[in-house]
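Only heavy atoms go into these numbers, but all of them, side chains included; no hydrogens, no water, no symmetry mates. Small disclaimer: the values here were computed from a predicted structure and weren't measured.
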Amino acid sequence: MKQRKALIPIIAMCICLAAGCSGNTQTAGTTTAAETTTTPALSETAETTVGTTTAAATETTEEQTAEVQPVTNLEKLDMTKWQYNADDDVYYQIGISYCETPADESYETLAVFVPGAYMKGTENGDGTYTCELTDGTVNGYTAETAPIVMPINTPGYSAMAALADYSSSVKTYTSEGFVYVHAGCRGRDAGAPAGVTDLKAAVRYVRYCDDVIPGSAERIFTFGMSGGGAQSALMGATGDSDLYTPYLEAIGAVQGVSDAVCGSMDWCPITNIDSADEAYEWMMGVTRSGLSDDKQAISDALAAAFAEYINSAQIKDENGTILTLEESSEGIYQSGSYYDYLKGVIEQSLNNFLSDTTFPYNASSSSGGGHGGMGGAGPNGGGQLPDRDFGGEKPDGAPDGDFGGGMPDGEMPGDMGENGGTAIEDVDNITRNTTSNGISISGTYETAQDYIDALNADGEWVTYDADTNTATISSVADFVKAFKSASKNLGAFDQLDGGQGENTLFGYGDGSGAHFDSTLAEILSDLGSEYADSYAADLAKTDSAGYTAEQRLKMYTPLYYLLESSEGYGTSTVAKYWRIRTGIAQSDTSVTTEMNLALALENYEGVESVDFATVWGQQHVEAERTGSSTENFIAWVNECLK
């Protein structure tokens with residue numbers, strides 16, 4: 001039987017086993033690395049499923065339930081203070097404090113929106129209602145079983161201000177029987193891990209109030225895009241991590257309850273930043289031009305360092321085979337099983353497009369790249385953008401409110417390919433450059449072969465078999481040159497001048513940037529670079545909790561918790577359900593970012609399902625192969641809980 005590190009939880013285990021949402025658990029804020037024990041993992045046939053536990057587990061959790069109770073001075077949600085929107089049949093409360101000593105009260109409150117069928121309200125005479133739970137149903141859900149969905153609208157890791165008023169857009173979710181919880185959170189100016197800390201505190205408060213808030217606290221699903229997708233992934237991967245304890249204690253979060261979630265929906269997550277600089281150069285450095293000899297040496301060293309990372313990370317495919325990179329005659333480590341797997345992911349993305357698309361196909365009408373390629377990343381990565389109006393209707397599920405540097409008027413970035421909306425690049429304050437290389441895809445293509453011919457206009461790199469309607473590519477580098485140009489400066493995430501958004505994220509709460517990539521720091525030192533001293537100085541600093549940037553980087557790296565090769569493996573409660581989508585043509589990250597996350601989850605015991613796809617031609621949007629992101633998210637949650 002396979003052995004691995006496992007932490008025996010108290011309250012988290014008794015809650016999560018009963019609901020069947022989280023596979024691997026840990027006592028929130030009570031277990032240290034030194035107290036880790038090794039226990040046999042459940043075999044495939046012995047794994048618990050939704051609503052079932054073994055007799056031994058039941059006995060154990062009953063004992064543990066009696067030992068631990070929530071610790072807080074916060075009052076539970078007041079059932080006499082509900083407001084009601086009759087048009088939407090939604091009860092709601094706004095401005096609920098989820099921590100005792102907030103660092104910023106303008107952010108750290110939450111709002112709850114409940115389908116009217118789940119409660120019976122009695123008017124108090126002042127516009128508020130006293131409510132009690134009923135046995136009403138919506139879409140087969142009840143007040144006890146309804147999922148709770150939490151948006152994380154934090155592009156570029158920006159802040160998400162708390163809601164100040166009712167938003168009719170929540171009806172998109174409440175009409176499906178979902179309870180909608182909007183939790184404000186601090187942004188990158190406060191320094192990592194402020195954003196995820198706040199979101200964890202909000203989850204803890206919801207769980208603390210599970211007996212009065214409709215919906216199941218063991219069925220919480222987070223969803224987000226870009227930096228929001230990253231923080232949604234972190235919520236899924238870092239449940240009950242002890243590393244967050246001092247930060248949660250500092251804001252007075254509820255203690256003695258779990259902050260784990262059941263599911264995580266992540267569009268284009270800008271995450272696993274510990275290896276992101278290296279991955280970016282390994283995949284997209286081939287499109288850089290005009291670098292000085294010194295900077296070219298840095299780019300090449302970063303690319304080689306990514307191969308070292310992959311070969312030590314022991315990332316496995318779906319069959320459990322460890323993937324590796326090998327030296328090659330052309331390019332930097334463009335060979336090996338990891339390379340072949342990535343090439344297959346790119347080809348699958350193209351073949352999905354060919355399967356999904358009905359020809360004639362009008363690429364110019366496919367907003368955000370649609371399902372056809374636009375080359376590079378539009379104004380930020382080369383190629384020609386199809387016509388797109390970013391001033392369109394606000395997408396569903398986008399409550400009003402100030403995002404503190406994020407989306408204007410609280411707008412979610414999603415559904416740009418169908419419904420218009422604001423381009424996330426216009427609001428996330430991430431540094432990008434305009435590039436000119438890449439192919440141009442526009443106009444109408446009568447047949448699949450016509451489309452393939454357009455891809456090959458500057459040289460053949462795609463081979464198409466009309467009989468099977470499938471395609472292969474010549475190399476990853478050829479795909480990148482055509483579709484995925486580098487738009488970020490050298491040191492894509494830990495920029496050499498410290499001016500990138502992620503530099504601010506790993507700063508020290510004063511809004512100033514700081515360096516955090518120790519691998520890049522070592523490269524600069526070895527090369528005798530003029531930037532080496534500033535990296536070394538920043539990496540030596542600590543924050544108010546005594547944590548270095550490297551330690552905080554671990555907290556913001558899902559793979560730290562998911563890979564067996566990592567010291568963080570098995571030290572968190574990982575969400576059971578995952579859905580990951582990314583636009584393959586985006587220039588914001590390497591394709592390896594989402595691929596590595598998906599593979600780590602596929603091999604993590606206790607994760608029930610991983611629905612992962614890269615979407616051909618689409619960029620840094622809520623990418624979907626077909627349909628709208630909102631509808632697909634709702635359908636996915638329902639499928640998970642079927």
Side-chain angles (χ1 to χ4, degrees), residues 270-288 291 293-317 320-343 345 475-477 480 484 486 488 490-496 502 506 515-529 531-532 535-536 538-539 548-551 553-554 556-569 589-600 603:
I270 305 295
T271 192
N272 294 321
I273 306 174
D274 64 330
S275 59
D277 290 322
E278 293 74 26
Y280 201 88
E281 296 307 310
W282 178 80
M283 186 171 203
M284 286 133 77
V286 67
T287 67
R288 294 197 187 278
L291 293 179
D293 290 345
D294 290 345
K295 289 189 175 180
Q296 187 63 58
I298 296 170
S299 176
D300 292 347
L302 282 168
F306 181 69
E308 293 179 16
Y309 165 77
I310 290 299
N311 291 339
S312 63
Q314 299 182 8
I315 294 171
K316 301 175 182 177
D317 66 13
T321 302
I322 295 175
L323 302 177
T324 60
L325 283 170
E326 298 175 4
E327 293 188 65
S328 54
S329 58
E330 294 185 3
I332 299 174
Y333 284 88
Q334 299 288 296
S335 183
S337 56
Y338 182 88
Y339 173 90
D340 293 339
Y341 190 94
L342 174 63
K343 182 172 177 286
V345 167
S475 70
V476 172
V480 169
K484 202 174 175 69
K488 294 184 176 181
L490 190 58
F493 302 88
D494 188 354
Q495 204 163 276
L496 294 179
E502 286 80 10
F506 290 101
H515 294 296
F516 57 86
D517 186 340
S518 59
T519 300
L520 177 51
E522 184 176 351
I523 288 170
L524 295 172
S525 178
D526 290 344
L527 293 174
S529 170
Y531 299 101
Y535 276 76
D538 284 347
L539 287 167
T548 64
E550 284 187 273
Q551 290 171 313
L553 184 58
K554 292 177 180 178
Y556 260 47
T557 301
L559 294 189
Y560 173 77
Y561 296 89
L562 299 174
L563 290 176
E564 289 184 77
S565 59
S566 172
E567 63 181 2
Y569 180 75
T589 58
S590 167
V591 177
T592 61
T593 300
E594 294 90 353
M595 186 185 85
N596 289 352
L597 176 60
L599 287 176
N603 286 280

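Donor-acceptor pairing under 3.5 Å is recorded for the side chains of Asn596 and Tyr338.
When all heavy atoms of Leu539 and His515 are compared, the closest pair comes out as CD2-O, 4.0 Å. In this structure, Thr271 and Pro558 approach most closely via the heavy-atom pair OG1-CD, 3.0 Å. Ser312 and Ser565 make their closest contact through O-CB, 3.7 Å (heavy atoms, listed as atom of the first residue, atom of the second, distance). Across all their heavy atoms, Leu325 and Tyr333 have their closest contact at CD2-O, 3.4 Å. Of all the heavy atoms in Val480 and Val286, the pair that sits closest is CG1-CG1, 4.0 Å. Across all non-hydrogen atoms, the minimal contact from Ser566 to Tyr560 is OG-O, 2.7 Å.
Considering Leu323, Ile310, Val476 in turn, Val476 is the only one that fulfils the side chain to side chain contact (heavy atoms under 4.5 Å, CB included) rule with Tyr339. The residue from Glu281, Gln495, Gln296 that alone fulfils the side chain to side chain contact (heavy atoms under 4.5 Å, CB included) condition with Leu490 is Glu281.
Checked by atom type and distance alone, the side chain of Thr324 never pairs as donor or acceptor with a backbone atom of Asn311 at under 3.5 Å. A donor-acceptor pair under 3.5 Å links the side-chain atoms of Thr287 to the main chain of Met284, judged by distance alone. No side-chain donor-acceptor contact under 3.5 Å links Tyr535 to the backbone of Ser525. The closest donor-acceptor contact from the side chain of Thr548 to the backbone of Gln551 lies under 3.5 Å. For Tyr341 (side chain) and Met595 (main-chain N/O), no donor-acceptor pair under 3.5 Å exists by modelled atom type. Asn603 contributes a side-chain N or O that, together with a main-chain N or O of Lys316, makes up a donor-acceptor pair within less than 3.5 Å. A donor-acceptor pair is defined here as one N or O able to donate and one able to accept, closer than 3.5 Å; such a pair exists between the side chain of Ser328 and the backbone of Glu330.
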Item checked: Stepwise side-chain contact (heavy atoms from CB on, under 4.5 Å) test for Thr593 and Ile270 -> CA-CA 8 Å; Thr593 300; Ile270 305 295; over 6 Å; no
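With rounding to the nearest 0.5 Å, the separation of CG in Asp517 from CG in Asp538 is 12.0 Å. Once rounded to the nearest 0.5 Å, the distance linking CG of Asn272 with OG of Ser590 reads 11.0 Å. To the nearest 0.5 angstrom, Leu562 atom CG is 11.0 Å from Glu564 atom CD.
Ring planes of Phe506 and Phe516: tilted class, angle from 30 to 60°. Between Trp282 and Phe306, the angle of the ring planes lies from 30° to 60°, which puts this pair in the tilted group.
Two residues are said to be in side-chain contact when any heavy atoms from C-beta on lie closer than 4.5 Å; Lys554 and Tyr561 fail this criterion. Side-chain contact between Thr519 and Asp277 is absent, with no heavy atoms from C-beta onward closer than 4.5 Å. Taking the side chain as every heavy atom from C-beta outward, Thr321 and Ser337 never approach each other to under 4.5 Å. Side-chain contact between Leu527 and Asp294 is absent, with no heavy atoms from C-beta onward closer than 4.5 Å. Counting only heavy atoms from C-beta outward, the side chains of Ile298 and Leu291 never approach each other to under 4.5 Å.
By the salt bridge (Lys or Arg N to Asp or Glu O under 4.0 Å) test, Asp274 is found to be paired with no residue, residues two or more places apart in sequence or in another chain being considered. Among residues two or more places apart in sequence or in another chain, the salt bridge (Lys or Arg N to Asp or Glu O under 4.0 Å) test is passed with Glu278 by none. With sequence neighbours left out, Thr589 forms a side-chain hydrogen bond (donor to acceptor under 3.5 Å, both in side chains) with Gln586.
Annotation for Lys343: atom NZ counts as buried by contact number, over 12 foreign heavy atoms lying within 6.0 Å.
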